[in-house]
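Sequence positions, counted from 1, serve as the residue numbers for this chain.
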Amino acid sequence: MKRREFLKITGAAAVVAACGEKVAGTDEKSKAEMVLRENPVCGDKVSLLGFGCMRWPMIDGPDGKKVIDQEAVNEMVDYALKHGVNYFDTSPVYLRGQSEKAAGEALSRHPRSSYFLATKLSNFTDASASNSIAMYRNSFEQLRTDYFDYYLLHSLSGGEAFRKRYEESGLMEFLKEEKAAGRIRNLGFSFHGPQSGFDEMMALHDEGKYHWDFVQIQMNYVDWNHQDDKDETDASYLYGELEKRGIPVVIMEPLLGGRLANVPAGIAEQMKAREPEKSIASWAFRFCGSHPGVLCCLSGMTNMDPLLDNLDTFCHFKPLNEEEMGFLEQMVVQMKEYPLIGCTGCQYCMPCPWGIDIPGVFQHYNRAVTEGTYAQSSSQKGYSKLKKAYLVSYDRAVASVRQADHCIGCGVCVKHCPQGIRIPGELRRIARYVENLKQDLL
């Protein structure tokens, strides 16, 4: 039996019960349903769990290059819609430009009124009016739609970036006209940047120059009060500014690229002791959903397993109480003691001109630290075993020609990283660590 068929018959049954369908062999219908939040701007009833389309499943294509597994995407989209998920978020640049087309193919098989579609104007490399408008119009074709429910100015860092990418070319006037024509229902932006930049964007709203119908921010229990990068802003500030203005909030990176679903073993044990039947990831989603100004929490679900788990969380949604919020704060303090790299695996840094698999290198390193298989010193108990495990798994996870030691420090990747990671420096640190392991210099 294929895995997909197995999931439909077995593991999916628990979620079927959770989301309000009859369970075979019973006569009662579960009262649990997907949580819907009403958008105060337009009245949309949006599922609190949104489907982020940046991490669709990939397979090898005929030419050996990675392509989206459309069959798997269709299956997940069908299942998500059937169980109450109605918000889908994509972009022209996700998955090397493949995401919108895959989303369009999967969603167009369903009534357009059954889902809310969000995409972005991702004009990072060419912000000219001609290129930006062509990108905008191509999104309609790829997504097989004649309107966008939610349209975002993608990854702003403040007023200067906004002016260069959207105002100087006249794009904002164009987008306002498109909104007036009904082809854009809600206009907003996603943000990565300093507090001063966010304040500039809010000032534009307050002055009435532009009306932001919604804003997408990175928010999770780590970044709430512990955003360490000086070029980024604590999520608590961003959320507070939006909430007091009544601007709906869409959440990206509630799991920090999966890191909050795979926390260090000692922290996971404490979470499991409190909620043994729930996943580690559910804590992060409950944190975000506990804030009433949040319209939707995006999750980039790569296969059916996280989809089933997330449906269980949001169909039996239980907000965190004050004591549980305090517990998560304690977990964050403990996490800060681990030497993790803040990569979310978004792939914005790719492709590297020198072929380095930047997210792969970082994810392998973070996994070793998180799972406690990180060799720290030659005097450490079990050092030889840890050393061998790291080096062998590194070669399996990342081809040798794509490993950290091939970085020349060109810095092309740095300007594309929304987390503000000093990528060349971190790659050099890992390369030194690997070389020290090989030579027993730790």
Side-chain angles (χ1 to χ4, degrees), residues 52-54 56 65-68 89-104 117-148 150-179 181 183-184 186-194 197-198 200-201 204 209-210 212 215-216 218 231 252 344-356 358-359 410-421 423-424:
C53 305
M54 190 172 72
W56 290 131
K65 295 181 179 179
K66 293 292 184 182
V67 297
I68 291 174
D89 171 273
T90 183
S91 160
V93 299
Y94 287 171
L95 296 173
R96 311 284 179 85
Q98 299 181 54
S99 177
E100 281 190 329
K101 184 177 180 181
L117 188 56
T119 193
K120 307 171 181 73
L121 189 49
S122 309
N123 57 353
F124 307 119
T125 57
D126 182 354
S128 66
S130 58
N131 177 71
S132 300
I133 292 173
M135 177 180 285
Y136 169 77
R137 289 177 173 157
N138 186 59
S139 291
F140 285 104
E141 181 179 343
Q142 297 297 314
L143 289 164
R144 307 185 188 188
T145 186
D146 56 5
Y147 69 93
F148 300 125
Y150 294 83
Y151 197 70
L152 299 95
L153 314 181
H154 195 180
S155 195
L156 291 180
S157 58
E160 183 178 356
F162 169 72
R163 287 186 289 274
K164 286 183 177 179
R165 287 174 55 195
Y166 298 107
E167 277 197 314
E168 292 176 0
S169 60
L171 278 173
M172 281 309 297
E173 292 306 312
F174 169 79
L175 293 174
K176 287 167 69 174
E177 291 171 3
E178 289 297 288
K179 184 179 177 184
R183 288 183 283 273
I184 295 174
N186 295 277
L187 182 63
F189 64 90
S190 61
F191 185 81
H192 287 282
F198 191 76
E200 288 183 274
M201 298 304 296
L204 294 173
K209 186 172 184 179
Y210 302 111
W212 307 123
V215 174
Q216 187 166 302
Q218 178 169 311
D231 294 328
M252 56 184 164
T344 65
C346 70
Q347 303 277 336
Y348 286 10
C349 58
M350 298 295 284
C352 166
W354 294 92
I356 298 168
I358 299 169
C410 68
V412 171
C413 52
V414 175
K415 62 183 178 182
H416 298 297
C417 179
Q419 306 304 319
I421 299 170
I423 294 173

Legend entry - Nearest atoms (heavy-atom pairs only) where Trp212 meets Gly188: CE3-CA, 4.2 Å
Inset, instruction - Please round to the nearest 0.5 Å and tell me the distance separating atom CG of Asn138 and atom CG of Leu143. - result: 9.0 Å
Inset, instruction - For Tyr151 and Lys179, test the side chains for any donor-to-acceptor distance below 3.5 angstrom and give the result as yes or no. - result: no
Legend entry - Contact check, side chains of Cys349 and Pro359, non-hydrogen atoms, under 4.5 Å: yes
Inset, instruction - Considering non-hydrogen atoms only, spot the tightest contact between Ile421 and Val414 and give its length. - result: O-CG1, 4.3 Å
Inset, instruction - Could you tell me whether the side chain of Pro92 reaches within less than 4.5 Å of the side chain of Gln142, counting heavy atoms only? - result: no
Inset, instruction - Locate the shortest heavy-atom distance separating Ser132 from Leu121; write the atom from each residue and the value. - result: O-CD1, 3.4 Å
Legend entry - Non-hydrogen atoms of Glu200 and Gly159 that approach each other most closely: OE1-N, 3.3 Å
Inset, instruction - Please tell me if the side chains of Arg96 and Met350 come closer than 4.5 Å, counting only heavy atoms from C-beta onward. - result: yes
Legend entry - Under-4.0 Å salt bridge between Arg163 and Glu160: no
Inset, instruction - Answer yes or no: is there a side-chain heavy-atom contact under 4.5 Å between Met54 and Ser91? - result: no
Legend entry - From CA spacing to verdict: side chain to side chain contact (heavy atoms under 4.5 Å, CB included), Arg165, Phe124: CA-CA 8 Å; Arg165 287 174 55 195; Phe124 307 119; 3.6 Å; yes
Legend entry - Contact check, side chains of Lys120 and Gln216, non-hydrogen atoms, under 4.5 Å: yes
Legend entry - Modelled atom types, side-chain donor and acceptor of Glu178 and Tyr136, under 3.5 Å: yes
Inset, instruction - With rounding to the nearest 0.5 Å, note down the distance linking CG in Leu117 to CZ in Phe140. - result: 9.5 Å
Legend entry - Working for side chain to side chain contact (heavy atoms under 4.5 Å, CB included), residues Leu153 and Asn123: CA-CA 9 Å; Leu153 314 181; Asn123 57 353; over 6 Å; no
Legend entry - Nearest non-hydrogen partners of Ser157 and Ala161, listed with the distance: OG-CB, 3.6 Å
Inset, instruction - Output the distance between atom CG (Asn131) and atom CG (Leu171), rounded to the nearest 0.5 Å. - result: 9.5 Å
Inset, instruction - Drop me the distance from Ile423's CD1 to Ile358's CD1, to the nearest 0.5 angstrom. - result: 5.0 Å
Legend entry - Proximity of Phe189 and Tyr166 rings by center, below 6.0 Å: no
Inset, instruction - Kindly indicate, with the supporting measurements, whether the criterion side chain to side chain contact (heavy atoms under 4.5 Å, CB included) is fulfilled by Met252 and His192. - result: CA-CA 11 Å; Met252 56 184 164; His192 287 282; 3.4 Å; yes
Inset, instruction - List the atom of Cys53, the atom of Ser99, and the distance in Å for their closest heavy-atom pair. - result: O-OG, 2.6 Å
Legend entry - Min side-chain heavy-atom separation Met172-Lys209 under 4.5 Å: no
Legend entry - Distance in Å, Met201 CE paired with Leu156 CG, rounded so as to fall on 0.5 Å steps: 5.0 Å
Legend entry - Between OG1 on residue Thr119 and CG on residue Asp89, distance to nearest 0.5 Å: 7.5 Å
Inset, instruction - May I ask you to decide if Lys66's main-chain N or O and Gln98's side chain share a donor-acceptor pair within less than 3.5 Å? - result: yes
Legend entry - Parallel, tilted or perpendicular: ring planes of His154 versus Tyr348, cut at 30 and 60 degrees: perpendicular
